[in-house]
Amino acid sequence: MAETTLDGVTKRFAGDDGEVLAVDDLSLTVRDGEFLVLVGPSGCGKSTTLRTIAGLEAVSAGAVHIGDRDVTDVKPKDRDIAMVFQSYALYPQKTVRGNMRFGLEMTTDLPDAEITERVADAAELLDITELLDRRPAALSGGQQQRVALGRAIVRDPAVFLMDEPLSNLDAKLRAEMRTELQALHDQLGATTVYVTHDQTEAMTMGDRIAVLDGGRLQQVGTPMETYYEPTNEFVATFVGSPSMNIVEGTFDGEAIQLPGFEFPLADDQREAVEAGLTGETVRLGVRPEDIVLTDETGPRTVEFETLVVEPMGNENVLHLDHEMGEVVATVGGNQRVRKGDRVRATLGADRVHAFDGTTGEALFNRTRDEQRPPGVVGARGTDDRAETDGGETG
Ligand code: ATP
């Protein structure tokens with residue numbers, strides 16, 4: 001186990017039509033024992049970042065530390081890391097046992113008995129003991145993924161590096177493996193850096209998530225921090241599904257003027273806009289669950305026309321039309337709204353976000369009001385009602 005630090009890591013590639021800046025001055029600390037998810041859209045530099053930690057790419061500038069060692073110029077095999085890829089890259093002619101042993105046999109001087117024991121332990125942990133004599137061709141995708149994980153676990157590395165390890169699995173198996181990987185991490189407590197483009201994986205698996213765009217770090221925080229307190233519009237719209245609605249307007253000193261609708265601001269919101277706004281345009285953000293249907297009228301209620309209703313069972317996703325544009329709202333699955341219905345909804349006073357129209361930076365965020373729900377009868381590992389720390393690890 002080891003803390004892993006990227007210090008101003010920059011990676012440029014010579015592309016066909018000029019230089020590509022894949023990672024741009026990235027500084028990030030992955031804490032000892034932490035499960036950190038690197039997330040962002042395709043091409044944002046996630047894999048390249050991971051590969052610079054692994055040593056598979058040399059950095060153009062900056063440094064990488066694993067534990068108290070500067071590994072910037074250290075070969076991958078000497079970095080004490082183990083990598084799990086999307087393609088499991090198992091040797092087809094070797095058995096599961098052979099695949100799990102191979103790396104240790106090639107790169108360590110461990111005695112045979114020790115290797116046998118490590119393989120047996122990892123196989124038991126991953127519930128693949130019965131499969132040890134099979135070859136990869138005789139395994140399902142999920143089983144192959146477990147073998148790939150097993151091969152990493154037997155190395156007992158300081159850091160696990162995982163690049164989209166679940167993306168070849170079908171949706172149900174992926175959801176199962178998500179939970180299993182978390183349980184595995186709880187057991188092993190190993191520092192893990194996990195790359196995915198899938199915000200659901202990031203939200204559900206990460207102790208913290210680091211959101212990248214265009215090679216630049218946008219925000220690093222707990223899933224709840226990135227959801228409730230995004231630093232900019234990119235993070236706000238990337239995290240959460242369906243995405244946050246964004247409507248563009250202008251600030252008139254009191255309220256945000258949107259097409260056909262005026263959103264009055266509370267004093268602290270107005271002050272935040274006055275302090276941070278660089279131009280004229282403000283982009284108001286509101287999550288689908290914060291557009292709430294109501295019979296009442298008020299200063300923040302809007303009438304919409306229902307364009308589309310997508311029933312999901314537990315909820316209905318409504319596509320609503322207004323002069324300000326189309327927005328998406330979610331309501332309970334038992335709330336019957338039909339295409340063509342006119343509906344009235346409130347945007348909660350403390351439920352909206354505002355972003356600078358020029359820079360995209362957050363001017364203010366919604367209030368964060370996590371509550372302890374009824375039915376929680378004891379904190380983790382105790383039987384009292386002591387408050388637990390929400391998201392941080394360590
Ligand atoms: P994906 O989710 O699609 O894998 P990613 O976020 O992992 O994307 P990277 O693979 O890190 O993104 O790529 C970042 C940028 O660097 C992209 O523009 C990519 O085209 C470019 N790039 C990556 N590897 C190379 C290379 N070997 N040579 C040239 N350009 C590269």
Side-chain angles (χ1 to χ4, degrees), residues 4-30 35-64 66 71-73 75-76 79 81-89 141 145 148-149 152 159-171 174 177-178 181 192-206 208-221 223 226 230-241 243 360:
T4 300
T5 309
L6 303 183
D7 191 7
V9 165
T10 299
K11 178 64 188 180
R12 294 184 203 92
F13 290 109
D16 290 341
D17 26 88
E19 200 171 69
V20 181
L21 184 57
V23 182
D24 186 4
D25 195 16
L26 177 65
S27 294
L28 179 66
T29 297
V30 189
F35 195 109
L36 183 118
V37 180
L38 283 178
V39 68
S42 182
C44 72
K46 309 177 290 288
S47 295
T48 305
T49 302
L50 197 75
R51 290 167 63 83
T52 62
I53 304 175
L56 299 171
E57 300 286 0
V59 301
S60 309
V64 180
I66 296 178
V71 296
T72 315
D73 299 316
K75 289 204 174 75
R79 290 198 182 196
I81 51 107
M83 216 161 156
V84 183
F85 298 94
Q86 172 179 353
S87 68
Y88 317 124
Q145 184 52 262
L149 279 170
V159 185
F160 282 101
L161 303 174
M162 305 194 183
D163 194 351
E164 307 251 9
L166 305 185
S167 45
N168 282 352
L169 306 177
D170 67 48
R174 206 158 60 218
M177 283 299 286
R178 253 184 1 227
L181 269 179
T192 305
V193 186
Y194 184 102
V195 162
T196 180
H197 64 275
D198 178 350
Q199 64 87 32
T200 309
E201 269 183 26
M203 290 293 282
T204 54
M205 297 179 77
R208 289 189 305 154
I209 68 185
V211 185
L212 295 181
D213 185 38
R216 293 194 72 91
L217 181 63
Q218 304 294 313
Q219 182 166 7
V220 54
T226 59
T231 53
N232 59 34
E233 187 179 327
F234 178 82
V235 175
T237 51
F238 188 79
V239 173
S241 176
S243 282

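Note that these values count all heavy atoms, side chains included, but never hydrogens, waters or copies made by symmetry. Order of appearance sets the numbers: ligands from 1, and atoms from 1 within every ligand.
- Judged by distance alone, the side chains of Asn232 and Gln219 never bring a donor and an acceptor atom under 3.5 Å apart.
- For ligand 1, the polar-atom distance check against Cys44 finds a nitrogen or oxygen pair separated by under 3.5 Å.
- Distances between N or O atoms of Ser42 and those of ligand 1 include at least one value under 3.5 Å.
- Considering CG of Asp24 and CG of Asp213, their distance stands at 11.5 Å, rounded to 0.5 Å.
- Of the N and O atoms on the side chains of Glu201 and Tyr194, at least one donor lies less than 3.5 Å from an acceptor on the other residue.
- Protein heavy atom closest to atom 10 (O) of ligand 1, with residue, atom name and distance, is Ser47 CB, 3.8 Å.
- The distance criterion of under 3.5 Å between nitrogen or oxygen atoms is met by Gly45 with respect to ligand 1.
- In plain terms, the two heavy atoms of Val64 and Thr72 that are nearest each other are N-OG1, 3.0 Å.
- When non-hydrogen atoms are compared, ligand 1 lies under 4.0 Å from neither the backbone nor the side chain of His197.
- Below 4.0 Å from some heavy atom of Val20 lie the following atoms of ligand 1, by number and element: 16 (O), 18 (O), 21 (C).
- Under a 4.0 angstrom heavy-atom cut-off, Pro41 registers as being in contact with ligand 1.
- Of all protein heavy atoms, the one closest to atom 2 (O) of ligand 1 is Lys46 NZ, 2.9 Å.
- The two residues Val9 and Val23 have their closest heavy-atom pair at O-CG1, 3.5 Å.
- Smallest separation of non-hydrogen atoms from Thr52 and Arg79: O-NH1, 2.9 Å.
- Nearest protein heavy-atom neighbour of atom 16 (O) of ligand 1: Ala22 CB, 3.3 Å.
- Of the protein's heavy atoms, Phe13 CE1, 3.4 Å lies nearest to atom 23 (C) of ligand 1.
- Protein heavy atoms come within 4.0 Å of atom 31 (C) of ligand 1.
- Looking at every heavy atom in both residues, Thr196 comes nearest to Lys46 through O-CD, 3.3 Å.
- Per-residue contacts place Gly43 under 4.0 angstrom from the following atoms of ligand 1 (heavy atoms of the residue considered): 1 (P), 3 (O), 5 (P), 6 (O), 8 (O), 12 (O), 14 (C), 15 (C), 17 (C).
- Here the shortest heavy-atom pairing between Leu26 and Thr49 reads CD2-CG2, 3.4 Å.
- Heavy atoms of Thr48 found under 4.0 angstrom from ligand 1 belong to the backbone as well as the side chain.
- Partner Gln145 forms a side-chain contact (heavy atoms from CB on, under 4.5 Å) with one of Arg174, Gln86, Met177 and no other, that one being Met177.
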